[in-house]
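Notes to accompany the following structure.
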Amino acid sequence: AQTVTQSQPEMSVQEAETVTLSCTYDTSESDYYLFWYKQPPSRQMILVIRQEAYKQQNATENRFSVNFQKAAKSFSLKISDSQLGDAAMYFCAYRSSSLQGGSEKLVFGKGTKLTVNP
Amino acid sequence: KAGVTQTPRYLIKTRGQQVTLSCSPISGHRSVSWYQQTPGQGLQFLFEYFSETQRNKGNFPGRFSGRQFSNSRSEMNVSTLELGDSALYLCASSRGTGSVYEQYFGPGTRLTVT
């Protein structure tokens, strides 16, 4: 079974600074997808960024980028120019590829609570 | 386009009762997944339905069940409620074809068991 570990329960960053959230995972599969989701307080979970394991290039979405190290099974999220609206719980998630039965099941880490200080 | 909706948003039940939660996916989405979120266990996968068939199931007791209707709306049922069932129940919908389509989450149903 796949597992996802987020070793930082809480992180804080100053507004406009950069912060990196860590995520490691364990799998025996070679093809899979990785995601970072954001859950603001009392608000809906939204997708921040995704990475296909077969792609060597790291995904980037505006101020959000990942450092995907497949061999090390590491998938960190970098938030640049942090804004107050970035404060939220961030979850790293794993999903098997469509070749593994087509299920949409996500395996989540325990989350990292990010605080942005003005 | 309307997002994923879940009803009710809040629910208080007593131990031993049963409860039914509803999830309406985004129009055109055929896959609905359910997750339980608690402070201790985090987000845990309950089950996934695709085209009215359960496609995957998590490691939860048989008291947790679900179904999906022909319009893709899904319900989950928890029978004989226990205090430990208190949680935020999230559903997520996607096209469900297996490609990397985004899963869209609903706002959740917060269940409190007393």
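Predicted, not measured: the structure shown is a model, and the values here were computed from it. In what follows, chains are A, B, ... by sequence order, proteins preceding strands, each numbered from 1.
Between chain A and the residues B:Tyr35, B:Phe50, B:Tyr104, B:Phe47, the largest count of heavy-atom pairs under 4.5 Å involves B:Tyr35. For the set A:Lys105, A:Met45, A:Arg43, the count of heavy-atom pairs under 4.5 angstrom toward chain B peaks at A:Lys105.
Put simply, A:Val19 and A:Leu77 are part of the same group of oily side chains (I, L, V, M, F, W, Y) that touch within less than 4.5 Å, one to the next. Cluster membership check: A:Met11 shares its hydrophobic cluster with A:Val13, using side-chain heavy-atom separations under 4.5 Å among Ile, Leu, Val, Met, Phe, Trp and Tyr. When hydrophobic clusters are built by joining Ile, Leu, Val, Met, Phe, Trp and Tyr residues whose side-chain heavy atoms come closer than 4.5 Å, directly or via intermediates, B:Val4 is not grouped with B:Tyr10. Linking ILVMFWY side-chain heavy atoms closer than 4.5 Å, directly or via other members, places A:Phe75 and A:Phe64 in a single hydrophobic cluster. B:Trp34 and B:Phe105 fall into different hydrophobic clusters, where Ile, Leu, Val, Met, Phe, Trp and Tyr side chains are chained together by heavy-atom contacts under 4.5 Å.
More than 12 heavy atoms of other shown residues, nucleotides or ligands fall within 6.0 angstrom of atom CZ in B:Arg73. Shown here is A:Lys78, whose NZ atom has no more than 12 heavy atoms of other residues, nucleotides or ligands within 6.0 Å. No more than 12 heavy atoms of other residues, nucleotides or ligands sit less than 6.0 Å from atom CZ of B:Arg15. Within 6.0 Å of the CG atom in B:Asn71, the count of heavy atoms belonging to other residues, nucleotides or ligands exceeds 12.
Residues A:Leu106 and B:Gln103 form a side-chain contact, since some pair of their non-hydrogen atoms from C-beta on lies under 4.5 Å apart. With a 4.5 Å cut-off on side-chain heavy atoms, B:Glu102 and A:Ile46 do not count as touching.
Once rounded to the nearest 0.5 Å, the distance linking CG of B:Leu43 with CE of A:Met89 reads 8.5 Å.
Under 4.0 Å is where a charged nitrogen must lie from a carboxylate oxygen, and between B:Arg55 and A:Glu104 at least one such pair does.
Proximity to chain A is limited to the side chain of B:Gln37, based on heavy atoms less than 4.5 angstrom apart.
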**OP:** Please lay out, stage by stage, how A:Val107 and B:Phe45 fare under the test side-chain contact (heavy atoms from CB on, under 4.5 Å).
**Re:** CA-CA 7 Å; A:Val107 178; B:Phe45 173 77; over 6 Å; no
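For a heavy-atom cut-off of 4.5 Å, chain B lies close to A:Phe108, A:Lys110 in residues 108-118 of chain A.
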